Each structure stands twice: as structure tokens, then as C-alpha cells.
Asks: 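Handing you this structure, nothing more for now.
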Amino acid sequence: MRVRFAPSPTGYLHIGGLRTALYNWLLARKSGGVFILRIEDTDRSRFVGDAEQDIVDSLQWAGLDVDEGPQTGSYRQSERTDLYDAALTRLLDAGRAYVAFDTPAEIEEMRVRLATDANPNPRYDWSTRSHMKNSLTLSANEVAARISGGEPYVIRLRVEPGSDVVFTDLVRGEVSFRTDEVDDQILRKSDGLPTYHLANVVDDHDMQISHVVRGEEWLSSTPKHVLLYDAFGWDVPHMAHLPLILSPTGGKLSKRNAERQGIPVFVKEYRAAGYEPEALLNYLALLGWHPPGEQEIFSLQGLTDAFSLDRVGQSGVQFDKDKLAWFNGQHLRGMTPEAIAGGQMEALRAAYGDVSQDRAVEAATLMHERMAFASDLVAFDYLFRAPETWDEAAVKKRWKDDSPGLVTAYREALAALPDWTAESLESCLRSTAEQHGAGAGRLIHPVRLAVSGVSHGPGLFDLLVYLGRDATCERLQTAVRALA
RNA sequence: GCCGCGUUCGUCUAGGGGUCUAGGACGCCGCCCUUUCACGGCGGUAACACGGGUUCAAAUCCCGUACGCGGUACCA
């Protein structure tokens, strides 16, 4: 099985693109096949310089390794124009394509002239080409003269009406289109570069792609591609069109639309926001595909084992950020504190100066069950430095008149505590409270607030163990003074 | 407009003629655990788009309608 992910470098890798890449990658890995990255850079006007690098980086971050791609050979379409030109010559010679000289303005004029209520948007096709300037209506001499005179031209696919193009989509079953409805698609633009349709078919054949797995937006173009394969005399690869990822309200997941709803669209944004790549992939895999059982949490390897095209759905799917967050938490809980801390060392040091690896692992152990993102570790600042402010609402709720006295008594008891363990810290706290005729809660909450600045967090005694005697006593004293 | 593809809880989905008083997951609500917050556990809420047909029997098959999405570019 040879599959490819073929993005256009017109922008950073999109979340939908990542899912397409994932499905292709899973198929390749499951079958022992080959995963190819092909850069479809035939649109010079929309070309974005750093997009290709972003695509490569994003795939690497996600863990989708590429077997063949720009790093291993000629996998950018801009480097392969000879191949397309040769293919075009074959098509022209066989009469399956023709040359056309109409300018964009002339085509627009035709559309306006021929538009009716029943057909508001006439195509350049079998029914209109006889009214246009092309090698089907002009003499061979005139065509040659125009070309040698430097007149711009395009090459179009000649699609004849009256038959059906039928193909079997691995996701949707049999799909058919009337050739009457297929336009004479441009194959080569006037700038000399091929369009997607031509380059895609030529490359898929040349690279011996066995399965074309792509988004549903390509379904309507597939008859053109089938016609091209047919014109070349090539076998059509297996086709599979994936359901589109929609915004949370069902609309298009465009950048603008998604951002308005708080949904990042670029993979790099998920990376920056601290998502675990495996969690993102896990969520994306389940968006439009369902494994046989009821298991939902999968490693990449687990996905590889379970994946198959026949369980891919057919309808558009709405992106749900809450569920993605849940997947992130599940994957985080499956990771070791060492792994979580390891990934945050850079950020921790940037925020708090010198933080040791061991210290970070202890912090991660403490917060493991409480984190939604690995990057949350950095946000729990009281783990790495003493609080300088104390949450106002928490103070109001928990810091009572007797708090300074109780906290001070506890601090004095702690200073003399023989061993610094959660058990001894707890019994010490309970006896201190009892001596003062107060419930344990009367002391637990103020102590937590004093040492962390907030009213929630890990088990108090585990936190104090983590902080150590000196820091604990210091923080208690500081808070008593500050909250006076 | 035309062409194509869709339509099961709010969302992701299971199910493919009887096992469906429709199962799971996210979210939401409640309870338990925890004198915190999470995690976890338990329970609850909530769906077969509509109308015809086929059949002893339809969420499942067929037709139509509605709605949604995609396409209709010298963009991919």
C-alpha cells in the first residue's frame, strides 16, 4: 500500500490536513506500506514561503514520520514540470486535450452572455467551447501562429458528453457523474504550470499511489481525475473521500470562522497551546472514524492496529474542543511524571530560573491528576516560588479571626517536628487544632491559602512535604504578616 | 440554480430488517470519595429529520421532501 499526503503550501498545516495525513499514515503503517509527503506548490500566487517547513515540522511533532518526501527526493511539484509537460503532449496528441486562448475577461464575458435562470453559471465545456477561441475552433495554422507569436494559452481537458463516470469510493460506495456535468478543466495554466488535477493524477501514477485518501472537497473533482487516468490508459487508484471537519456549529472550519469560536485551526497552535500530540491524533482519529469496540483512548500504535477505512463515517463532523481537552487529560494521566516534567523544563526555567529536573518531576507527581495540559505545570507558580499575593475570595472565605493564631501555633509546632512526612504533618495539624479548640478545617484551609495563595490544589500534607520545612515555615510566617 | 455527498442524544458515535422500552463517550446535572480543587466511582438528562412505500416486522431497505455540507476558478 502506497499512500500520500499532498498539501499545498498556501498556509500552515491545518487541523483537517493533519487528520488526512493521520489516516494515510495509519494505513501505511498498518499495511507495512509507504507514506509519502508531496508538496503541491503549483499555485504561485498563493505560495507561502514558510508553509512547507511548517508542514514538515508539524508532522514530525505529531509523530507521523515520512518515508518519501522533499527530504528524500523530488517531491515538490514545482520541480517536476517536465513530467507534466510530457503528459500534456500525450494528451494533446491523442486529442484528449486542446489549446485555448480565451482570456479570463473573455471567459467571464461568455458566462454573462450565456447565463440563464436555469444555468446561472455556464461552464467552459462541450456546450460552450465551440463559441470560444481554441484549437477546436481555430485552424491549425492560426493556433501555431498564436503560440509562436507568444500569445498566452492554457491547455484544457476535452470532456465529451453522453456517458457516466462511475467509480467506487471506499468510504461512500459507488459514485457516479454524468460527463455532461464535467467541465473542460484547465490542465496547464498560462504561466506554464499544471493545475492540481493534472499534476495530482500524473504524480499519483508516477509515485505508484495505491490509495488516494483525501477530504470530501475533492469528491466532485474525482470524475475529472478518472477521465484523466482513462485518457492516459492508467489504472485508477483506490479512492476514499473523508468526511469534512466542521466548526462546532456545523459551518466551515475556516480560519476566521473557527477563531471566532475559539478553535485554533493550525497544528502549530495546538502545539503552542501545550496539547499532547498523541492526544490530538487520538481525538482526530475518532473524528469521522470509529473502532470496532468501545475503547476510545488509543496510543498511536493502538490506532495503527485498530484503523480501517471501512469504519470511516460519511457525514461531516463538528469539532468539539471539550472532548479534545478530555483526550488530552486522559493521555496526560497515562504519561509518567518524568515525561511530563521533561517536556516542561525549558518553560520552567524560563519562568522560574534554575529548576532542577528532580524538582520538576516531584512537582509533576504532585499535580499529575490535576493537570489538563502539561504546560499547566508552569502555571502552578506556588510550586516554584512563594506566593506574593493571596486570592481575595479565598482569603475572605477561609482567613478568619483565629487564623493568624492557629497558623502561628502550627508553624511553631512544625519547627520542632521530628520527621517531615505527610503522616506526622497531619497528626501535628490535628493536635494543634484540637489544643485550640478548633476543627481541623479551621486550620487546613488557612494553611493551604498561606503557603499557596489559592484555595485549591493537591493534598495539603503532600504539598508541605514537597515544599519542605524551611519554605513551609517561611511562607506561613509571611502570610500571617501579610494578611494581618 | 445545477451536480455530488450526507442526515441516530447539544457533540463524536454503535447499530445495517425482529435481540432497540436504541448502547458507549464528551458536555451538563446529582450523589459518593476528598474538611480544598481535581482525578476516580455511581446515577441521571438527551436522539433514529419529515412523509410515503416494501414487509408479519423498519433506526435499519426503496422513493420523495426538507435541511446541511461540498463542488460549480488560469485555488488547491
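Chain naming here is simple, since letters A, B, ... match the order of the sequence lines and numbering starts at 1 in each. In this text, all values refer to a predicted model and were calculated from it rather than measured experimentally.
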Asks: Using a strict threshold of under 4.0 Å (side-chain N to carboxylate O), is an ion pair present between Asp183(A) and Arg156(A)?
Replies: no

Asks: Taking ring-ring contact (aromatic ring centres under 6.0 Å, His included) as the definition, give me every residue that meets it alongside His238(A), ordered by chain and number, with sequence neighbours left out.
Replies: His211(A)

Asks: Going by an N to O cut-off under 4.0 Å, is there a salt bridge joining Glu79(A) and Arg76(A)?
Replies: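 A salt bridge is present here (some side-chain N lies under 4.0 Å from a carboxylate O).
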
Asks: Taking only heavy atoms on the protein side, list every residue of residues 237-262 of chain A lying under 4.0 Å from any atom of RNA chain B, sorted numerically.
Replies: Leu244(A), Gly250(A), Lys252(A)

Asks: Does Ala87(A) have any side-chain contact (heavy atoms from CB on, under 4.5 Å) partners at least two apart in sequence or in another chain, and if so, which?
Replies: Val202(A), Phe232(A)

Asks: Would you measure the distance from the C1' atom in G70(B) across to the matching atom in G64(B) and give it in whole Å?
Replies: 23 Å

Asks: Hey, can you pull the residues of residues 284-300 of chain A with a non-hydrogen atom under 4.0 angstrom from RNA chain B?
Replies: Leu286(A), Leu287(A), Gly288(A), His290(A), Glu294(A), Glu296(A)

Asks: Below 3.5 Å, can you tabulate the donor-acceptor pairs from side chains in residues 368-380 of chain A to any protein atom, sequence neighbours excluded?
Replies:
{"from": "His368(A)", "atom 1": "NE2", "to": "Leu332(A)", "atom 2": "O", "distance (Å)": "2.9"}
{"from": "His368(A)", "atom 1": "NE2", "to": "Met335(A)", "atom 2": "O", "distance (Å)": "3.1"}
{"from": "Arg370(A)", "atom 1": "NH1", "to": "Gly457(A)", "atom 2": "O", "distance (Å)": "3.2"}
{"from": "Asp376(A)", "atom 1": "OD2", "to": "Ala372(A)", "atom 2": "N", "distance (Å)": "2.9"}
{"from": "Asp376(A)", "atom 1": "OD2", "to": "Phe373(A)", "atom 2": "N", "distance (Å)": "3.1"}

Asks: What distance, rounded to whole Å, do you find between the two C1' atoms, one in A76(B) and one in G71(B)?
Replies: 13 Å

Asks: Within the 3.5 Å criterion, strictly below it, is a donor on Tyr84(A) or Asp203(A) matched to an acceptor on the partner's side chain?
Replies: yes

Asks: How far, in whole Å, is A59(B) from C48(B) if one measures between their P atoms?
Replies: 11 Å

Asks: What interatomic distance, in whole Å, is found between P of C26(B) and the corresponding atom of U21(B)?
Replies: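 It comes out at 25 Å once rounded to the nearest Å.
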
Asks: Please give the distance between the P atoms of G17(B) and G27(B) as a whole number of Å.
Replies: 34 Å

Asks: Give none if C56(B) has no partner; otherwise give the nucleotide forming a Watson-Crick or G-U wobble pair with it, both distances under 3.5 Å.
Replies: G18(B)

Asks: Can you list everything that forms a ring-ring contact (aromatic ring centres under 6.0 Å, His included) with Trp218(A)? Sequence neighbours excluded, please.
Replies: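 Trp218(A) satisfies ring-ring contact (aromatic ring centres under 6.0 Å, His included) with Tyr196(A) once adjacent residues are dropped.
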
Asks: In Watson-Crick or G-U wobble terms, both distances under 3.5 Å, what is the partner of C5(B)?
Replies: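 Pairing partner, where one exists within any strand: G68(B).
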
Asks: For C28(B) versus U54(B), give the span between their C1' atoms, rounded off to a whole number of Å.
Replies: 42 Å

Asks: Of the residues in residues 164-171 of chain A, which ones touch RNA chain B at a heavy-atom distance under 4.0 Å?
Replies: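 None - not one residue of the stretch has a heavy atom sitting under 4.0 Å from the strand.
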
Asks: Hey, can you pull the residues of residues 434-450 of chain A with a non-hydrogen atom under 4.0 angstrom from RNA chain B?
Replies: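 Residues of residues 434-450 of chain A under 4.0 Å from RNA chain B: Gly439(A), Ala440(A), Gly441(A), Ile444(A), His445(A), Arg448(A).
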
Asks: For Ser176(A) and Asp164(A), does a side-chain donor sit closer than 3.5 Å to a side-chain acceptor?
Replies: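 The criterion, which ignores hydrogens and geometry beyond distance, is not satisfied for Asp164(A) and Ser176(A).
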
Asks: In residues 176-199 of chain A, which residues come under 4.0 Å of RNA chain B by heavy atom?
Replies: Ser176(A), Phe177(A), Glu181(A), Ile186(A), Lys189(A), Ser190(A), Tyr196(A)

Asks: First and last nucleotide of RNA chain B in contact with chain A, 5' to 3', at under 4.0 Å to a heavy atom: what are they?
Replies: G1(B) to A76(B)

Asks: Pick the nucleotide of RNA chain B nearest each of Leu460(A) and Phe327(A); which residue has the one closer to the 5' end?
Replies: Phe327(A)

Asks: Check whether more than 12 heavy atoms from other residues, nucleotides or ligands sit under 6.0 Å from atom NZ of Lys397(A), and answer yes or no.
Replies: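 No, not enclosed.
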
Asks: What integer number of Å spans the P atoms of C3(B) and U60(B)?
Replies: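 To the nearest whole Å, 26 Å.
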
Asks: Can you sort out the partners of His331(A) under ring-ring contact (aromatic ring centres under 6.0 Å, His included), two or more places apart, ordered by chain and number?
Replies: none

Asks: Just name whichever nucleotide pairs with U11(B), Watson-Crick or G-U, keeping both distances under 3.5 Å, else none.
Replies: A25(B)

Asks: Name each donor-acceptor pair under 3.5 Å that joins a side chain in residues 256-267 of chain A to protein atoms two or more places apart or in another chain, with its distance.
Replies:
{"from": "Asn257(A)", "atom 1": "OD1", "to": "Gln261(A)", "atom 2": "NE2", "distance (Å)": "3.1"}
{"from": "Asn257(A)", "atom 1": "ND2", "to": "Lys252(A)", "atom 2": "O", "distance (Å)": "2.7"}
{"from": "Glu259(A)", "atom 1": "OE2", "to": "Lys255(A)", "atom 2": "NZ", "distance (Å)": "2.4"}
{"from": "Gln261(A)", "atom 1": "NE2", "to": "Ser247(A)", "atom 2": "OG", "distance (Å)": "3.4"}
{"from": "Gln261(A)", "atom 1": "NE2", "to": "Thr249(A)", "atom 2": "OG1", "distance (Å)": "3.4"}

Asks: What residue among Tyr124(A), Tyr153(A), Tyr98(A) forms side chain to side chain donor-acceptor pair (under 3.5 Å) with Asn134(A)?
Replies: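 Exactly one option meets the side chain to side chain donor-acceptor pair (under 3.5 Å) with Asn134(A), and it is Tyr124(A).
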
Asks: Going by an N to O cut-off under 4.0 Å, is there a salt bridge joining Lys396(A) and Glu392(A)?
Replies: no

Asks: Here's a test of your reading of the structure: between Pro120(A) and Tyr153(A), which maps to the more 5' nucleotide of RNA chain B?
Replies: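 Here Pro120(A) is the residue nearer the 5' end.
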
Asks: What distance, rounded to whole Å, do you find between the two P atoms, one in C56(B) and one in G51(B)?
Replies: 23 Å

